Student: 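Have a look at this one.
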Amino acid sequence: MARVAFANVDKFYGAVQALSDVSLDIEDGEFVVFVGPSGCGKSTLLRAVAGLEPISAGAIFIGEEEVTTVAPSDRGVAMVFQSYALYPHMSVRANMEFGMKINGVATGERQARVAEAARILQLEDLLERKPAQLSGGQRQRVAIGRAIVKEPRVFLFDEPLSNLDAKLRVQMRVELEALHEQLAATMIYVTHDQVEAMTMADKIVVLNEGRVEQVGPPLELYHSPATEFVAGFIGAPSMNFLDVALQSGSEGAEAAYGDVRIPLPAAAASGAARLGIRPEHLRLTDAGTGTLDAKVQVAEALGGETYLYSRTAQGDRLVVKVDGDTSVAAGSTVGLDFARDRLHLFAGDGRSLRA
Ligand code: ADP
Ligand code: MG
């Protein structure tokens with residue numbers, strides 16, 4: 001197992017800059033998730049660790065060794081892809097043994113490693129089957145098994161669960177978390193799904209247009225997003241944003257939103273800003289009695305919880321998350337309130353204004 005580090009990594013595909021000055025430290029044994037929207041550079045960064053993609057500038061380290069120009073096969077990494085990439089004509093056992101055969105691992109050792117991986121992944125009864133005779137989840141377990149038997153210094157996963165149905169994805173997510181516990185291995189996991197990032201990661205790296213937007217433990221990103229981008233990306237439904245003017249009022253710092261004055265916990269900068277509030281931090285009150293009113297357009301009842309898609313008098317969208325037992329009819333006007341310390345403020349350039 002090993003640490004991984006990036007120092008000022010740039011990557012260009014012709015004129016397209018896929019990675020921009022990425023510097024990052026991943027600890028030995030850590031489960032790190034790269035998350036961000038499609039095209040933000042997640043796969044490029046992961047492939048750079050594997051050596052599948054030469055970088056344009058900067059350096060990459062695995063353990064204490066700089067591997068920037070080291071061949072992929074000599075980096076001691078194993079990668080698992082969304083597409084499984086199994087050999088269709090080979091049995092599960094042969095798929096898992098193949099890489100070891102190429103690398104000259106002795107027969108007895110090969111068999112022992114396959115047996116151990118099969119035990120960990122509960123594939124023991126499937127070893128003689130071909131990939132076509134397996135379900136999607138079983139195929140992905142084989143692909144993970146093929147990575148385990150390589151005994152890599154670092155595991156690399158590129159959206160490995162994206163081909164699975166929702167229920168199986170949750171189950172495999174839990175299995176991967178358990179696998180990380182069991183192997184105590186360094187794992188880097190790429191996903192566009194913030195729920196996977198929140199649930200699996202020791203540390204999340206949010207990427208935006210090839211740049212590292214924020215790095216931190218899941219709840220730190222949720223509670224203290226450094227930018228509006230992170231605030232909007234982490235958490236579901238997404239944080240609500242309103243354009244406000246910061247000013248000092250009779251009671252101290254406040255945000256002006258139309259006629260509404262929202263008291264702020266501390267003196268913030270003055271001028272235009274974006275105020276953020278999560279759907280789960282809005283509380284329903286009777287119309288006219290909260291900080292602001294909103295008209296509910298659609299009430300989406302999920303059973304345990306209900307999402308109220310509403311608009312303020314100024315026409316801004318606000319999603320409110322309420323308990324599933326709360327019944328609010330579409331078309332009704334509700335009052336909304338919130339605790340001051342749940343508010344987020346962002347400057348025009350997207351940076352958080354919260355100290
Ligand atoms: P993600 O995995 O986050 O969806 P990628 O790392 O695949 O994003 O891509 C990052 C950016 O680099 C995108 O703009 C993508 O179009 C571009 N890109 C990726 N691979 C290539 C390639 N082989 N040639 C040219 N551009 C590429
Ligand atoms: Mg990708």
Side-chain angles (χ1 to χ4, degrees), residues 4-24 26 31-60 62 67-69 71-72 75 77-86 136 139-140 143-144 146-147 152 154-166 169 172-173 176 186-201 203-216 218 221 225-236 238 350:
V4 177
F6 301 84
N8 308 105
V9 171
D10 287 335
K11 170 68 184 179
F12 289 89
Y13 293 105
V16 176
Q17 185 160 14
L19 297 174
S20 231
D21 198 22
V22 173
S23 294
L24 192 63
I26 294 168
F31 196 123
V32 171
V33 175
F34 296 166
V35 73
S38 179
C40 70
K42 306 179 294 291
S43 295
T44 303
L45 193 57
L46 195 74
R47 293 167 64 83
V49 180
L52 299 173
E53 215 56 86
I55 56 176
S56 311
I60 297 176
I62 299 178
V67 297
T68 313
T69 58
R75 293 194 184 195
V77 303
M79 194 149 166
V80 177
F81 302 91
Q82 176 177 352
S83 62
Y84 320 134
L86 301 177
R139 281 180 215 174
Q140 196 51 290
I144 294 165
R146 204 172 42 180
V154 183
F155 285 84
L156 306 174
F157 297 94
D158 194 347
E159 311 235 10
L161 308 185
S162 296
N163 280 358
L164 307 178
D165 65 51
R169 220 156 48 219
M172 288 291 292
R173 196 169 86 198
L176 275 173
T186 310
M187 295 186 170
I188 310 179
Y189 187 101
V190 160
T191 180
H192 63 275
D193 179 352
Q194 64 92 26
V195 176
E196 279 184 15
M198 289 298 287
T199 52
M200 299 174 90
K203 185 159 93 187
I204 296 178
V205 178
V206 181
L207 291 170
N208 180 19
E209 296 186 346
R211 290 179 186 281
V212 174
E213 192 84 16
Q214 188 173 1
V215 179
L221 269 57
T227 64
E228 186 177 329
F229 180 86
V230 174
F233 194 81
I234 299 289
S238 290

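Each ligand, and each atom within it, is numbered from 1 in the order the structure gives. Nothing here was measured: the structure is a model prediction, and the numbers come from that model. For this chain, numbers begin at 1 and follow the sequence in order.
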Student: Donor-acceptor pair, Gln194 side chain versus Ile234 backbone, under 3.5 Å?
Tutor: no
Student: For atom 7 (O) of ligand 1, find the nearest protein heavy atom and state the residue, atom name and distance (0.1 Å precision).
Tutor: Ser43 CB, 3.8 Å
Student: Under 4.0 angstrom from atom 16 (O) of ligand 1, is there any protein heavy atom?
Tutor: no
Student: Which atoms of ligand 1 have any heavy atom of Ala18 under 4.0 Å away?
Tutor: 11 (C), 12 (O)
Student: Look only at the side chain of Glu196 and the backbone of Thr191, and say whether a donor-acceptor pair between them is shorter than 3.5 Å.
Tutor: no
Student: Which one of Gly39, Pro37, Ala15, Gly36 has a non-hydrogen atom at the shortest distance from atom 14 (O) of ligand 1?
Tutor: Gly39
Student: Look at atom 20 (N) of ligand 1 and say which protein heavy atom is nearest, naming residue and atom and giving the distance to 0.1 Å.
Tutor: Tyr13 CZ, 3.3 Å
Student: Would you compute the distance between atom CD of Glu53 and atom OG of Ser43 and round it to the nearest 0.5 angstrom?
Tutor: 9.5 Å
Student: Counting each atom of ligand 1 from 1 as listed, which ones have a heavy atom of Thr44 under 4.0 Å away?
Tutor: 5 (P), 6 (O), 9 (O), 10 (C)
Student: Please name the residue in the list Asp158, Leu156, Val77 that meets the side chain to side chain contact (heavy atoms under 4.5 Å, CB included) test with Ile188.
Tutor: Leu156
Student: Excluding waters, how many protein N/O/S atoms sit closer than 2.8 Å to the Mg ion (ligand 2)?
Tutor: 1
Student: Determine, stepwise, if the pair Val205 / Ile26 fulfils side chain to side chain contact (heavy atoms under 4.5 Å, CB included).
Tutor: CA-CA 10 Å; Val205 178; Ile26 294 168; 6.0 Å; no
Student: Is atom 10 (C) of ligand 1 less than 4.0 angstrom from some protein heavy atom?
Tutor: yes
Student: Within the distance-only criterion (no hydrogens, no angle test), does the side chain of Arg75 pair as donor or acceptor with the backbone N or O of Val67 below 3.5 angstrom?
Tutor: yes
Student: Are the side chain of Lys42 and the backbone N or O of Leu207 linked by a donor-acceptor pair below 3.5 Å?
Tutor: no
Student: Does ligand 1 come near enough to Gly41 that some N or O of the ligand is less than 3.5 Å from an N or O of the residue?
Tutor: yes
Student: With sequence neighbours excluded, what pairs up with Glu228 under the side-chain contact (heavy atoms from CB on, under 4.5 Å) test?
Tutor: Phe241, Arg274, Phe346
Student: Side chain or backbone, does Val16 bring an N or O within less than 3.5 Å of an N or O on ligand 1?
Tutor: no
Student: So does Ser56 get a backbone contact from the side chain of Asp10, meaning a donor-acceptor N/O pair under 3.5 Å?
Tutor: no
Student: For Asp21, is there any backbone N or O sitting under 3.5 Å from a side-chain donor or acceptor partner on Asn8?
Tutor: no
